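Contents: one structure, followed by commentary.
Values in this document were obtained by computation on a predicted structure and should not be read as measured data.
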Amino acid sequence: AIDTLKNPHINVFIDHPGMGWHNIDEPGIDRRGINAAINALIIVSLRALADIIEICKEKGAKEYRKRASNLAEICRKRFWNSDKNIFPDGILNGKLLEQVSQQTNTLCLIAKLCSKAEQKSVLKRVLDINDTQIARSGPYFWFYMLPVLAESDMMDVAVKKIERLWGKMLARDATTAWETFSGDELDSLCHPFACVPVDFFPRYVAGIGSLPAGTS
């Protein structure tokens, strides 16, 4: 296996944990081998490209959707740990990695790699605050996690997570959002991509968001 921390040119970022500089006291994403999160992100990107092509009334959307469907089928078979009902961070030397992260599982859920029933089970597992072995998301990655919770009828969990995590910033009199929940000397203490609740509450709680297609 290649030590990605010694070769930054091949790092798969995804989120800070496991990069060796932020959240270093917590479990990190295991980026070795074949990465599950980046494959899930490719599936999401292929579907987005298909949507864009259709909106622009161009040809080729069907082919992108087919590629997304084929890759999703492969990823489900390769990355889903049916014994533990979870997506590990990847595959190394033909074996599933032991490390489990909120980030990888969130992207796999967005890529629709499991059923609705499995989705709730996965979310409950990765959000278990008593499991200290799970790599946890930094502020910016909750931009992806919170909508998944809302769409899984777990809005109460989403709101409680915001209260607990961003509440730490408020408790320390923060007037801006931090790069990580540590708020230490390594952080940017005015990090736009960490302002997730500012988007989430109007859109998912108040119902103020993008208008449906065809309306004005």
| said: So which atom in Ala135 and which in Gly28 form the shortest heavy-atom distance, rounded to 0.1 Å? | reply: CB-C, 3.7 Å
| message | Test of understanding: clusters of I, L, V, M, F, W, Y form through side-chain heavy atoms closer than 4.5 Å, transitively. Do Ile162 and Val205 belong to the same one? | response | yes
| task | Decide yes or no on side chain to side chain contact (heavy atoms under 4.5 Å, CB included) for Val126 and Ser101, but give the supporting numbers first. | result | CA-CA 7 Å; Val126 298; Ser101 66; over 6 Å; no
| said: I'd like to check Cys114 versus Leu109 (side-chain heavy atoms, cut-off strictly below 4.5 Å). Are they in contact? | reply: yes
| field | Flag, side chain of Glu179 to backbone of Leu189, donor-acceptor distance under 3.5 Å | value | no
| task | Measure the OG-CD1 distance between Ser137 and Ile14 for me, rounded to the nearest 0.5 Å. | result | 10.5 Å
| query | Just by distance, do the side chain of Asn81 and the backbone of Ile86 share a donor-acceptor pair under 3.5 Å? | reply | no
| said: So which atom in Pro88 and which in Ala36 form the shortest heavy-atom distance, rounded to 0.1 Å? | reply: O-CB, 3.7 Å
| side chain to side chain donor-acceptor pair (under 3.5 Å) partners of Ser121, counting only residues at least two apart | none
| task | Evaluate the criterion side chain to side chain contact (heavy atoms under 4.5 Å, CB included) for residue pair Asn105 and Arg125; output intermediate values, then yes/no. | result | CA-CA 10 Å; Asn105 281 274; Arg125 164 75 193 283; over 6 Å; no
| CZ-CG distance between Phe79 and Leu96, expressed to the nearest 0.5 angstrom | 8.5 Å
| message | Counting only heavy atoms from other residues, nucleotides and ligands, does the tally under 6.0 Å from CZ of Phe143 exceed 12? | response | no
| field | Of Leu97, Val100, Leu92, the residue whose pairing with Asp30 passes side-chain contact (heavy atoms from CB on, under 4.5 Å) | value | Leu97
| Does atom NZ of Lys168 have more than 12 heavy-atom neighbours, drawn from other residues, nucleotides or ligands, at distances under 6.0 Å? | yes
| request: Find the distance between CD (Gln102) and CG (Asp128) and round it off to the nearest 0.5 Å. | output: 10.0 Å
| message | On a heavy-atom basis, which atom in Ala194 and which in Pro197 lie closest, and how many Å separate them? | response | O-CD, 4.2 Å
| task | List the steps and the verdict of side chain to side chain contact (heavy atoms under 4.5 Å, CB included) for Lys161 and Ile129. | result | CA-CA 11 Å; Lys161 289 295 181 181; Ile129 61 174; 3.5 Å; yes
Output a table of donor-acceptor pairs, distance under 3.5 Å, between side-chain atoms of residues 152-160 and any protein atom two or more places apart or on a different chain; print 'none' if there are none.
{"from": "Ser152", "atom 1": "OG", "to": "Gln119", "atom 2": "NE2", "distance (Å)": "2.6"}
{"from": "Ser152", "atom 1": "OG", "to": "Val148", "atom 2": "O", "distance (Å)": "2.7"}

| message | For the CZ atom of Phe13 and the CD1 atom of Ile29, what is their distance to the nearest 0.5 Å? | response | 8.0 Å
| said: Quick check for you: to the nearest 0.5 Å, what is the distance between Leu146 atom CG and Arg203 atom CZ? | reply: 12.5 Å
| query | Looking at residues at least two apart in the chain, or sitting in another chain, which of them share a side chain to side chain donor-acceptor pair (under 3.5 Å) with Ser115? | reply | Glu118
| task | Look only at the side chain of Glu58 and the backbone of Ile53, and say whether a donor-acceptor pair between them is shorter than 3.5 Å. | result | no
| said: Could you see if Phe193 belongs to whatever hydrophobic cluster contains Leu107? Use Ile, Leu, Val, Met, Phe, Trp, Tyr and a side-chain cutoff under 4.5 Å. | reply: yes
| message | For Phe87 versus Thr104, what's the shortest heavy-atom pair and its separation? | response | O-CG2, 4.1 Å
| request: Apply the test ring pair (Phe, Tyr, Trp, His ring centres under 6.0 Å) to residues Tyr144 and Phe141: give CA-CA distance (whole Å), side-chain angles for both, the deciding distance (0.1 Å), then the verdict. | output: CA-CA 6 Å; Tyr144 303 102; Phe141 206 88; 5.0 Å; yes
| field | Short N-O contact, Glu63 and Arg67, less than 4.0 angstrom | value | no
| task | Using atom types as modelled and distance alone, determine if a side-chain donor or acceptor of Arg172 lies under 3.5 Å from a backbone N or O of Gly183. | result | yes
| request: Assign the ring pair Phe181 / Trp166 to parallel, tilted or perpendicular, where the plane angle (0 to 90°) is split at 30° and 60°. | output: perpendicular
| task | Please examine the side chains of Val196 and Tyr140, heavy atoms only from C-beta on, and report whether any two atoms are closer than 4.5 Å. | result | no
| For Thr180, what residues pass the side chain to side chain donor-acceptor pair (under 3.5 Å) criterion, not counting sequence neighbours? | Asp187
Show which side-chain atoms of residues 37-51 pair as donor or acceptor with protein atoms under 3.5 Å away, not counting sequence neighbours.
{"from": "Asn39", "atom 1": "ND2", "to": "Asn35", "atom 2": "O", "distance (Å)": "2.8"}
{"from": "Ser45", "atom 1": "OG", "to": "Leu41", "atom 2": "O", "distance (Å)": "2.8"}
{"from": "Arg47", "atom 1": "NH1", "to": "Ala111", "atom 2": "O", "distance (Å)": "2.7"}
{"from": "Arg47", "atom 1": "NH2", "to": "Ala111", "atom 2": "O", "distance (Å)": "3.4"}
{"from": "Asp51", "atom 1": "OD1", "to": "Arg65", "atom 2": "NH1", "distance (Å)": "3.4"}
{"from": "Asp51", "atom 1": "OD1", "to": "Arg65", "atom 2": "NH2", "distance (Å)": "2.5"}

| Residue pair Met169 / Ala177: nearest heavy atoms and the distance that separates them | SD-CA, 3.9 Å
| query | Do you know the tightest heavy-atom contact between Pro147 and Phe200? | reply | N-CE1, 4.1 Å
| query | What's the spacing between Leu149 CG and Glu151 CD if we round to 0.5 Å? | reply | 9.5 Å
| Which pairs, with at least one residue in residues 84-98 and sequence neighbours excluded, count as a salt bridge (charged side-chain N to carboxylate O under 4.0 Å, His left out)? | Lys84-Glu98
